[in-house]
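One structure is given below, encoded as C-alpha cells.
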Amino acid sequence: MTPSSAALTALLIQQSLFALMWLVLGGLRLSRRATWHWSAGVAVAALGLGLLLLRDDVPRWLGFWGAIVVLSGGLLIMVRGLQLFCRVQPDRWFLPAWPAIALALGAAQWHGSVTLFVTVSSVSLGLVVWRGAWVVRHDLATEFGARAAAVCAWPFWTIGGVLVLRGLVAPLAPGWVGGPLQEAGASNLAASLVFVASGLVLNLALVALVCSRLVRRLQQASEHDVLTGLLNRRGIESRLHQHARLSARRGQRLSLLSIDADHFKRINDEHGHPAGDEVLQALGQALHTVIRDSDLAARAGGEEFWVLLPDTDADGAAELAERVLRAVRALRVPLAD
C-alpha cells in the first residue's frame, strides 16, 4: 500500500466514524434533521472515497467519474443539513446541482485528460464547500453574531479555497497536482493528507456549530425568565454592570425603573396561581411593547420588574414610567374560565 493509499484509508475510516457520530447525535435530538443529513452526507462521501481507493479494482468510469459524483453528492447533502441547521429554506438548485456536476465530470472524463478531470472535480467540490461557508456566514449571523459566524465559516472558506486552487493550478502545473491519488508520489501524498485534514476540520466545524448553539441556549435559559421571556435578575444585573461601566466612561446618564405590581397577592388568592401567571405574562408583554429598542426589561422576582434605560436621565425615566402606568391601567387579562 502506498502512503497516499494509507492516507485515503485513514480518511475513509475517519469519515465513517463521523457518520456514526452524527447518527447518534441525531438520535439524542441534537439538531436532529441537520445531524441526520450530516450523517448521510458523510456516509455518502465515505462511499465516494472508497471508490477512489478501489480504482484499480473497479471499472475506470466508476473509479473516476462515479467516485467524484458520489463525493459531491455527499457534500451537497451536508450543505442541505447546514441550511436546516440555520433554519433557512433549502436551495432550489439542490436537486439539479448533482446532475449538473455529473454531466460536467462526464464530459471531462470523455475528453480523456486527467488534468481536466482534476480541474472540473476540484472546482466543483470547492464551490459546494463555499456554498456551505456562505450559509454559515450569512444565515447564522443573527443568532451567533457576525464575528462568531465568520469564525465558524472560515474552515469552509479555507477548504473550498484549497480545492478551487487545486483545480485552477492543475492545467498550469500538472506535475504539482499529480495523477490518481492512490498512486505513489510526493504531490499525491500531500493532496491525500490535505483531504484527511479537510475532512477532520469540516466535521469539527460542524461540531463547533452544534456546541455553540447549545451554549447559547444554556446562556439564554440562565439569563431569561421562563414565564415572561424577559431577562431574569441575573441577566439584568449583568447588563446593569456593563452599562454602568460604559456610561461612566462616556459620561452618559443611566436610569433604572423598579416596578412592583400592587395587590398581586390578591389575584393569586382569589383566582389561583395560573391566573397570576397569566397576569405576569401580560405585564411582561406590556413592558415589552412600551419600552424602546435600546431599553432592557426584566422580571427581578415575584411581581417585581426592572427596566434599564441607557442614556436616559431622570426626566426621561419618569416619562417612560408614566407610559408604563397608562399601559398597565388599560390592561385586561381574560381568563380561560
Side-chain angles (χ1 to χ4, degrees), residues 85-88 133-158 205 208-262 264 279-331:
F85 181 82
C86 298
R87 304 187 183 95
V88 297
W134 171 258
V135 170
V136 174
R137 175 65 182 85
H138 181 265
D139 297 316
L140 283 180
T142 302
E143 180 182 353
F144 286 8
R147 181 177 300 179
V151 170
C152 292
W154 78 260
F156 297 89
W157 289 120
T158 303
L209 290 177
V210 175
C211 291
S212 297
R213 175 167 286 175
L214 286 175
V215 169
R216 292 182 68 84
R217 285 181 177 177
L218 290 174
Q219 184 179 14
Q220 177 87 0
S222 68
E223 294 188 344
H224 285 75
D225 176 54
V226 177
L227 183 63
T228 62
L230 303 177
L231 290 168
N232 57 21
R233 191 182 190 95
R234 175 182 177 181
I236 195 64
E237 286 182 344
S238 173
R239 307 302 195 281
L240 178 58
H241 292 313
Q242 294 173 6
H243 282 279
R245 289 194 298 268
L246 185 62
S247 297
R249 187 164 64 247
R250 296 180 177 178
Q252 297 175 340
R253 299 294 181 91
L254 181 67
S255 298
L256 180 72
L257 297 183
S258 179
I259 304 169
D260 188 81
D262 293 338
F264 183 76
V279 170
L280 290 174
Q281 290 174 334
L283 289 173
Q285 183 62 33
L287 281 178
H288 185 71
T289 56
V290 170
I291 64 176
R292 304 166 300 183
D293 292 338
S294 58
D295 301 333
L296 296 170
R299 181 188 175 199
E303 66 271 24
E304 183 181 1
F305 295 84
W306 290 0
V307 181
L308 180 62
L309 309 172
D311 196 19
T312 304
D313 58 14
D315 292 337
E319 181 180 346
L320 180 62
E322 290 295 336
R323 293 207 305 270
V324 171
L325 277 176
R326 289 194 295 270
V328 172
R329 285 167 180 162
L331 197 62

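One is the number of the first residue; the rest follow in order along the sequence.
For T312 (side chain) and S255 (main-chain N/O), no donor-acceptor pair under 3.5 Å exists by modelled atom type. A donor-acceptor pair under 3.5 Å is absent between the side-chain atoms of H138 and the main chain of W134, judged by distance alone. In terms of modelled atom types and a separation under 3.5 Å, the side chain of S222 and the main chain of Q219 share a donor-acceptor contact.
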Test R326 against V290 for side-chain contact (heavy atoms from CB on, under 4.5 Å), laying out the working first.
CA-CA 10 Å; R326 289 194 295 270; V290 170; over 6 Å; no
Step by step, work out the side-chain contact (heavy atoms from CB on, under 4.5 Å) result for L320 and D295.
CA-CA 11 Å; L320 180 62; D295 301 333; 3.9 Å; yes
Would F305 and L257 count as a side-chain contact (heavy atoms from CB on, under 4.5 Å) here? Give the steps.
CA-CA 8 Å; F305 295 84; L257 297 183; over 6 Å; no
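Between E223 and the choices R217, R239, R234, R299, the salt bridge (charged side-chain N to carboxylate O under 4.0 Å, His left out) rule is met once, by R239.
Between R213 and C86 the shortest heavy-atom distance is NH2-CA, 4.3 Å. Taking every heavy atom of both residues into account, A297 and I291 meet most closely at CB-CD1, 3.8 Å. Of all the heavy atoms in S258 and E304, the pair that sits closest is OG-OE2, 3.4 Å. Considering every non-hydrogen atom in both L254 and L309, the closest pair reads CD1-O, 3.6 Å. In this structure, A298 and N232 approach most closely via the heavy-atom pair CB-O, 4.1 Å. Here the closest heavy-atom approach between residue L230 and residue G284 is recorded as CD1-CA, 3.8 Å.
Taking CD from E303 and CG from D260, the interatomic distance works out to 5.0 Å, rounded to the nearest 0.5 Å. Taken to the nearest 0.5 Å, the CD1 atom of I236 stands 5.0 Å off from the CG atom of L308. Note that CZ of R253 and CG of D315 are 9.0 Å apart. Values are rounded to the nearest 0.5 Å.
By the 4.5 Å heavy-atom criterion applied to side chains, F144 and L209 are counted as neighbours. Contact check for L140 versus F85: side-chain heavy atoms found under the 4.5 Å cut-off. The closest side-chain heavy-atom distance from F264 to L280 is below 4.5 Å.
Surrounding CZ of R292 are more than 12 heavy atoms belonging to other residues, nucleotides or ligands, all under 6.0 Å away.
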